[in-house]
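One structure is given here, and the rest of the page talks about it.
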Amino acid sequence: MPRVLLVVCGGIAAYKAVEVLRGLQRAQCDVRVLCTRDALEFVGAATWEGLVHHRVSTSLYEDAHSTIPHIELATWAEAVLVVPATANILAKMACGLVDDLASTALLAVPKTTPVVVAPAMNTHMWLADATQRNVATIASRGVEFVLPVEGHLACNEVGTGKLAPVESIVECTLRALKGRTCQSLSGRHVLVTAGPTHEAIDPVRYLANASSGKMGYAIAREAALRGARVTLVSGPVSLSEPRGVQRVSVVSASQMRDAVMEAFPQCDVAICAAAVADYTPANPADHKLKKASEHMDCIRLVETTDILAALGAAKEEGGRRRVVVGFAAETNDLVVHAQDKLARKGCDLVVANDVSRQDSGFGTDTNRVTLVAPNGVDELPTLSKDEVAERILDRVEELLAKAEGGMR
Ligand code: PMT
């Protein structure tokens, strides 16, 4: 049974942590509960103990069964979930402050154990600079957030701060656990590209597109959860790199090409989800162009290197058969365009991405894709980008097995 440590903090949403616990138990998880003292003001120990048939842990000193409860709990868990995460626990996590069992156990969680945090609080507290900075700090360490949603809050205000839906929290924890238990890409090196590129016109202006990086980051996260070593070559985005992923930050298409070509020889798989500029200004100015005196009505463009096509051409170099996956962002004739890219760019799989829909493509949390391979087409329904990443990596695993069969 997968082991989850549920850390419950003192907020009104603590009662929803009970539903989260039940959801995890329905999914066959073995859950232990650690409550802060304040959390027990909202939901008492009797409720937790009745549900987990285990003593609820609250203190560094009062547990007769364990001499070092924070270490025992932190190392017992295969995943740790904090719900509701208050502004207080976020502040403690961000700066490593330990003054009770919850904060001490959280600091003692090994780096390889996934941690999922679901905050809930008053909207001003959530939006406060201090809280947002703490969230960014914690996320930069690879901790997964199930962000609060907008709604009517207990304090009678309407705004962001309401605990995310219980199903999303359970789903995120199960996904994190799956990575711990299913290491199907262990020993593999996966290269992922994500985000846009910025092509300089002058020092302050550039050509770009609306890619947020969400799709590529979801793929990198899923590959890392499956045990792969992951190199994520990312254009400028506001996302934190997923836990266990090595990010190489680039700005322009030529920088992305250099970073990708350097990493590719050591890789088993390359997945190109970045929206790379096809053209870049031929002669970017070295000073800010003046509106009145310099012509802005004509910027001469030159083609960038097609990175994906270069990978497709190099995939068998060094006696190794790599799997290359491209994307095709299309507004019409999805499959026809994707089949063309599959052949022209030497890919093993092309993810045809419908970017004409509101629930799909650039910046969205969901995506509508069709997986196009030489032997067939698999149209998927609208799914979260995390689910799309899972489906792509399932196919990648099949392709890896097939490629290795063919090399023998
Ligand atoms: O980042 P999000 O907001 O989550 O949005 C996700 C996405 C829509 C950006 C993503 O799902 C997607 O479709 N990525 C590919 C976007 C794109 O540039 O498509 P394309 O059809 O123009 O390019 C085809 C393929 O060639 C892509 O794999 C692209 O990475 C690659 N390419 C393109 C140009 C170039 N110079 N080098 C490349 O490698």
Side-chain angles (χ1 to χ4, degrees), residues 191-199 207-222 232-239 241-242 250-261 263-264 269-281 301-315 323-372 380 382-389 391-393 396:
L191 169 66
V192 181
T193 71
T197 62
H198 289 182
E199 308 302 320
L207 300 175
N209 60 66
S211 170
S212 62
K214 286 179 187 171
M215 189 64 250
Y217 276 57
I219 295 169
R221 184 182 310 112
E222 180 63 22
L232 171 64
V233 179
S234 171
V237 297
S238 58
L239 304 174
E241 71 257 32
V250 297
V251 177
S252 64
S254 71
Q255 288 175 359
M256 184 170 278
R257 176 202 59 210
D258 291 349
V260 166
M261 296 321 282
F264 189 58
V269 181
I271 306 175
C272 295
V276 189
D278 290 320
Y279 291 90
T280 190
L301 299 175
V302 289
E303 228 175 295
T304 57
T305 306
D306 191 318
I307 304 168
L308 178 60
L311 298 182
K315 70 183 178 188
V323 169
V324 173
V325 180
F327 270 69
E330 309 291 349
T331 52
N332 59 293
D333 299 325
L334 215 61
V335 172
V336 175
H337 289 306
Q339 280 168 334
D340 169 58
K341 280 178 181 153
L342 185 73
R344 203 159 38 79
K345 302 197 186 200
C347 300
D348 300 287
L349 180 72
V350 166
V351 182
N353 201 159
D354 187 344
V355 293
S356 68
R357 301 165 55 103
Q358 292 233 314
D359 60 357
S360 173
F362 292 89
T364 51
D365 289 324
T366 52
N367 217 357
R368 182 72 175 240
V369 306
T370 300
L371 303 181
V372 179
L380 305 183
T382 302
L383 298 169
S384 70
K385 283 185 173 165
D386 287 334
E387 288 166 323
V388 171
R391 303 291 278 264
I392 293 170
L393 284 164
V396 163

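Atom set for the values below is all heavy atoms of this structure, side chains included, hydrogens, waters and symmetry mates excluded. Numbering of ligands and ligand atoms starts at 1, following listing order.
- The distance from the OG atom of Ser360 to the CE atom of Met215 is 10.0 Å, given to the nearest 0.5 Å.
- An N or O contact shorter than 3.5 Å links Gly213 to ligand 1 by distance.
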Stepwise, does the salt bridge (Lys or Arg N to Asp or Glu O under 4.0 Å) test hold for Asp386 with Arg221? CA-CA 9 Å; Asp386 287 334; Arg221 184 182 310 112; 2.9 Å; yes

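- Rounded to the nearest 0.5 angstrom, Leu380 CG and Thr370 OG1 are separated by 6.5 Å.
- For ligand 1, the polar-atom distance check against Cys272 finds a nitrogen or oxygen pair separated by under 3.5 Å.
- Ligand 1 is approached by Gly363 to a heavy-atom distance shorter than 4.0 Å.
- With Gln255 as the fixed residue, the side chain to side chain contact (heavy atoms under 4.5 Å, CB included) test singles out one of Val250, Val260, Val233: Val250.
- The protein heavy-atom contact nearest to atom 37 (N) of ligand 1 is Ile307 N, 3.1 Å.
- Contact atoms of ligand 1 toward Thr304: 36 (N) (distance under 4.0 Å to a heavy atom of the residue).
- At a 4.0 Å heavy-atom cut-off, ligand 1 touches Asn353 through the side chain alone.
- Taking any N or O of Ala210, backbone or side chain, none lies under 3.5 Å from an N or O belonging to ligand 1.
- Scanning all protein heavy atoms for the shortest distance to atom 5 (O) of ligand 1 gives Gly361 O, 3.4 Å.
- A side-chain donor-acceptor contact under 3.5 Å links Thr364 to the backbone of Thr366.
- Ligand 1 places these atoms under 4.0 Å from at least one heavy atom of Leu308: 25 (C), 26 (O), 28 (O), 31 (C), 38 (C), 39 (O).
- Given atom 6 (C) of ligand 1, the protein heavy atom at minimum distance is Met215 CB, 3.7 Å.
- What sits closest to atom 27 (C) of ligand 1 on the protein, heavy atoms only, is Phe327 O, 3.2 Å.
- Using a non-hydrogen distance threshold of 4.0 Å, Asp278 registers as a contact of ligand 1.
- Only the side chain of Lys341 comes within 4.0 Å of ligand 1, counting heavy atoms alone; its backbone N, CA, C and O stay farther away.
- Only the backbone of Ala277 comes within 4.0 Å of ligand 1, counting heavy atoms alone; no side-chain atom from C-beta on gets that close.
- Some N or O of Ala329 is nearer than 3.5 Å to an N or O of ligand 1, by distance alone.
- Between the Asp333 side chain and the Val336 main chain, no donor and acceptor come within less than 3.5 Å of each other.
- For atom 18 (O) of ligand 1, the closest heavy atom belonging to the protein is Ala275 CA, 3.4 Å.
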Show your reasoning for whether side chain to side chain contact (heavy atoms under 4.5 Å, CB included) applies to Thr304 and Thr197. CA-CA 11 Å; Thr304 57; Thr197 62; over 6 Å; no

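- Remark: among candidates Ser212, Ala310, Ala270, the nearest residue to atom 3 (O) of ligand 1 is Ser212, based on non-hydrogen atoms.
- The backbone and the side chain of Asp306 each have at least one atom closer than 4.0 Å to an atom of ligand 1 (non-hydrogen atoms only).
- Under a 4.0 Å criterion applied to the non-hydrogen atoms of Ala328, ligand 1 contributes the atoms 21 (O).
- The Phe362 neighbourhood of ligand 1 comprises atoms 3 (O), 5 (O), 8 (C), 9 (C), with distances under 4.0 Å to a heavy atom of that residue.
- Taking distance alone, with nitrogen or oxygen atoms compared against 3.5 Å, Gly195 stays at or beyond that limit from ligand 1.
- The two residues Ala352 and Val372 come nearest to each other via the heavy atoms CB-CG2, 4.2 Å.
- The CG atom of Leu207 lies 7.0 Å from the CD atom of Glu199; values are rounded to the nearest 0.5 Å.
- Of the protein's non-hydrogen atoms, the one nearest atom 29 (C) of ligand 1 is Ala274 O, 3.3 Å.
- Using a 4.0 Å cutoff on heavy atoms, Ala253 does not count as a contact of ligand 1.
- Checked against a 3.5 angstrom limit, the closest N/O atoms of Lys385 and ligand 1 fall inside it.
- Distance check, rounded to the nearest 0.5 Å: NZ of Lys341 to CD of Glu330 gives 4.0 Å.
- For ligand 1, the polar-atom distance check against Thr364 finds no nitrogen or oxygen pair separated by under 3.5 Å.
- Looking at Ser356 and Asp354, their side chains do bring a donor and an acceptor atom within 3.5 Å of each other.
- Put simply, CG on Asn367 and CZ on Phe327 are 7.0 Å apart, with the number rounded to the nearest 0.5 Å.
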Applying side chain to side chain contact (heavy atoms under 4.5 Å, CB included) to Lys315 and Leu311, what does each step give before you reach the verdict? CA-CA 6 Å; Lys315 70 183 178 188; Leu311 298 182; over 6 Å; no

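- Between Asp348 and Leu342, the closest heavy-atom pair is C-CD1, 3.9 Å.
- Heavy-atom separations between Lys345 and ligand 1 include at least one value shorter than 4.0 Å.
- Side-chain atoms of Tyr217 and Ser212 form no donor-acceptor pair, as typed in the model, at a separation below 3.5 Å.
- A donor-acceptor contact shorter than 3.5 Å is absent between the side chain of Glu222 and the backbone of Ile219.
- Close approach to Ala273 involves these atoms of ligand 1, each under 4.0 Å from a residue heavy atom: 9 (C), 10 (C), 12 (C), 14 (N), 15 (C).
- The contact set between ligand 1 and Lys214, taken as ligand atoms under 4.0 Å from a residue heavy atom, comprises 1 (O), 2 (P), 4 (O).
- Rounding to the nearest 0.5 Å places NZ of Lys385 at 7.0 Å from CG of Asp365.
- Between Thr305 and ligand 1 there is a heavy-atom distance shorter than 4.0 Å.
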